[in-house]
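Here's the structure, in structure tokens; my notes come after.
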Amino acid sequence: MRTILLAVLIFAAGFGGNAFAEESWQEALGRMPLGAGVTELNRTNCVPLMLDAFQSNSVVKALIFMPGATDEIYFFRRARARLSGANPSLADAIIALTNRTYIQADFRPPFLLLHTTEDPLDPIAIVKSEAKAAKLRARIVPDRLVFNDTLWDDVRPALRGKAGVWLRPYSNSPPSWHFYHDTFVACGLTQWELLEAVGMSGKTTFTLHWLTADYELDTRGGPVPGYSSK
């Protein structure tokens, strides 16, 4: 028995201690089929294909298209990437997109962020109620949530009863007119992580109170890729 245990320890050490390591996002998303016969990602099919392909898993809880990425796809119309193989996966799509466009992928557990240099990657959240924040961090949202180029006025009612707080500003209010549209898919987020996902996708910050999360436009921004600063 002692010999068997020693052999297992040597096996694990021989692989740098990674024999039982958690898989990467590439491995997790590599098991998610993008769809048979898809040979190219473009302005029309890119986002819906990738959102639809995302499945619940233990590594990535949300795939988020940040405003810089959606600008590349819809505004600048520069997102085009060929796919090889008869049955590409979601990981194949992300790798192809990042290899051939200005879009980058950054894994900030539990989020996989698709972004460009103009997107701030660190969310800003101001907590006015620590007790409420603790409750939201402990509660899992069981539903699969999908938003594709969704206006704030439609995000709010879709998350009623799911986010654990009321979202403000209210629908049709001037402060929300400058929010970016939300584009993300999520499975198994906590309520706190859901609030963060909404902020990162819509380029907003939020302040958490006991009853509400109040969102404001995030005024941070980096250079737009492909354009000289001169």
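Heavy-atom neighbours of Tyr170 OH from other residues, nucleotides or ligands within 6.0 Å: at or below the threshold of 12. The local environment of CH2 in Trp210 is crowded, with over 12 non-hydrogen atoms from other residues, nucleotides or ligands closer than 6.0 Å. Remark: Arg100 CZ is packed, more than 12 non-hydrogen atoms of other residues, nucleotides or ligands lying under 6.0 Å away. Counting heavy atoms of neighbouring residues, nucleotides and ligands inside a 6.0 Å radius, atom CD of Gln104 exceeds 12 of them. Surrounding CZ of Arg80 are at most 12 heavy atoms belonging to other residues, nucleotides or ligands under 6.0 Å away.
When all heavy atoms of Ala36 and Asn87 are compared, the closest pair comes out as CB-OD1, 3.9 Å. Across Leu112 and Trp25, no two heavy atoms sit closer than the pair CD2-CE3, 3.7 Å. Listed here is the closest heavy atom pair of Thr183 and Asp149: OG1-N, 3.0 Å. Closest non-hydrogen pair, Arg156 versus Pro169, comes out as CD-O, 3.1 Å. Across Pro120 and Lys203, no two heavy atoms sit closer than the pair CD-CE, 4.3 Å. Pairing each heavy atom of Ser201 with each of Tyr180, the nearest pair is O-CB, 4.3 Å.
Between the CD1 atom of Ile94 and the CG atom of Leu63 there is a distance of 5.0 Å, given to the nearest 0.5 Å. Atoms CG and CE, from Leu121 and Met200 in turn, are 9.0 Å apart once rounded to the nearest 0.5 Å. The structure places CE of Met32 at 6.5 Å from CG of Leu90, a figure rounded to the nearest 0.5 Å. A distance of 11.0 Å separates CG in Asn45 from CG in Asp52, rounded to the nearest 0.5 Å. For the atom pair NZ of Lys132 and CD of Gln191, the computed distance is 7.5 Å after rounding to the nearest 0.5 Å. Put simply, CD1 on Ile95 and CD on Gln26 are 6.0 Å apart, with the number rounded to the nearest 0.5 Å.
Salt bridge Glu23/Arg31: present, at least one basic N to carboxylate O contact under 4.0 Å.
Both Ile64 and Leu194 are members of a single hydrophobic cluster when ILVMFWY side chains are connected at heavy-atom separations under 4.5 Å.
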